[in-house]
Amino acid sequence: MKFFVDTADVGEIRDLAQTGLLDGVTTNPSLVAKTGRDFLDVVREICQIVHGPVSAEVTATEFEPMLAEGRKLASLAKNVCVKVPLTLAGLKTCKALSDDGVQVNVTLCFSAAQAILAAKAGATFVSPFVGRLDDIGQDGMDLIADIVQIYGNYPAFRTEVLVASVRNPTHVVTAAKLGAHVATLPPNVLRQLAQHPLTDKGLAAFLADWQKTGQSILKS
Ligand code: E4P
């Protein structure tokens, strides 16, 4: 399973990239707005830190300007993945960009029907938002199960399922059990994955016993 980080905060990305666990990055207009920085500068900088796909989202809503924005974003770096919304204009843009060999992430997917369209439009990734479905009383993971099953029925569909709007480690583990290709994680969720109270407790006990020996590995 690939891990992307869901943030436009370059400091966070730099820090997490050093773990070697990052396969890509996703941003969206809200995340970019939080940084207060120039969007194109942020995208260029992120693309130098992480060499996997870096999703950068268009903001036009009609086909022609959306395509122009997508082409401009794609020209910033080889690893830009243009993010388009799951609308008819977004799907048309997805088809045009993917025919040109540009990676495309179709975002704001909330139904299996929409995911089928994204695959037919040649999307590299489709982003179903699990947390936002949970928020309205639906189980976001049911949608992941449906999409993974449907895509599995059609080997010609090359689109990867990118689980988005992830809120906790359970979302990640369930997505992995279902066979989703990618999860994009807020930095805090990525860090939470490594945590377990028994790990902390066990480590503290080992270190306390080790200190009693008076030894040092590096000084032996
Ligand atoms: C995905 O690409 C989106 O940026 C993101 O996962 C949205 O998550 P949210 O519902 O927490 O805003």
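Values below: all heavy atoms of this structure, side chains included; hydrogens, waters and symmetry mates excluded. Note that the numbering runs from 1 along the sequence shown for the chain. First listed ligand is number 1; within each ligand, the first listed atom is number 1.
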Check ligand 1 against [X] and write out every atom of the ligand that is under 4.0 Å from a heavy-atom position of the residue.
X	result
Ala164	1 (C), 6 (O)
Thr26	2 (O)
Arg167	10 (O), 11 (O)
Arg132	7 (C), 9 (P), 10 (O), 12 (O)
Lys83	1 (C), 2 (O), 3 (C), 4 (O)

Exercise. Under 4.0 Å, heavy atoms only, figure out whether ligand 1 is touched by the backbone of Ser127, its side chain, both or neither.
Key: neither

Self-check item: Criterion side-chain contact (heavy atoms from CB on, under 4.5 Å) against Asp6, the qualifying member of Leu31, Val25, Thr27, Val189
Solution: Leu31

Practice problem: Might you point out which heavy atoms bring Gln103 and Pro53 nearest each other, and give the distance in Å? | Solution: OE1-CG, 3.7 Å

Quiz item: Is Lys212 salt-bridged to Asp209, going by a charged N under 4.0 Å from an acidic O?
Solution: yes

Compute the shortest N/O to N/O distance between [X] and ligand 1 and return yes if it is under 3.5 Å, no if not.
X	value
Asp6	yes
Ser165	yes
Thr184	no

Exercise. Could you tell me whether a side-chain N or O of Glu69 sits under 3.5 Å from a main-chain N or O of Ala60, the two making a donor and an acceptor?
Key: yes

Practice problem: Examine distances only and state if a side-chain atom of Thr159 and a backbone atom of Ala123 form a donor-acceptor pair shorter than 3.5 Å. | Solution: yes

[X] side chain near [Y] side chain, heavy-atom distance below 4.5 Å:
X	Y	result
Ser55	Cys81	yes
Leu133	Asp142	no
Glu12	Val5	no

Quiz prompt | Protein residue, atom and distance nearest to atom 7 (C) of ligand 1, heavy-atom basis | solution = Phe129 CE2, 3.5 Å

Self-check item: Heavy atom of the protein closest to atom 4 (O) of ligand 1 (residue, atom name, distance)
Solution: Asn28 ND2, 2.7 Å

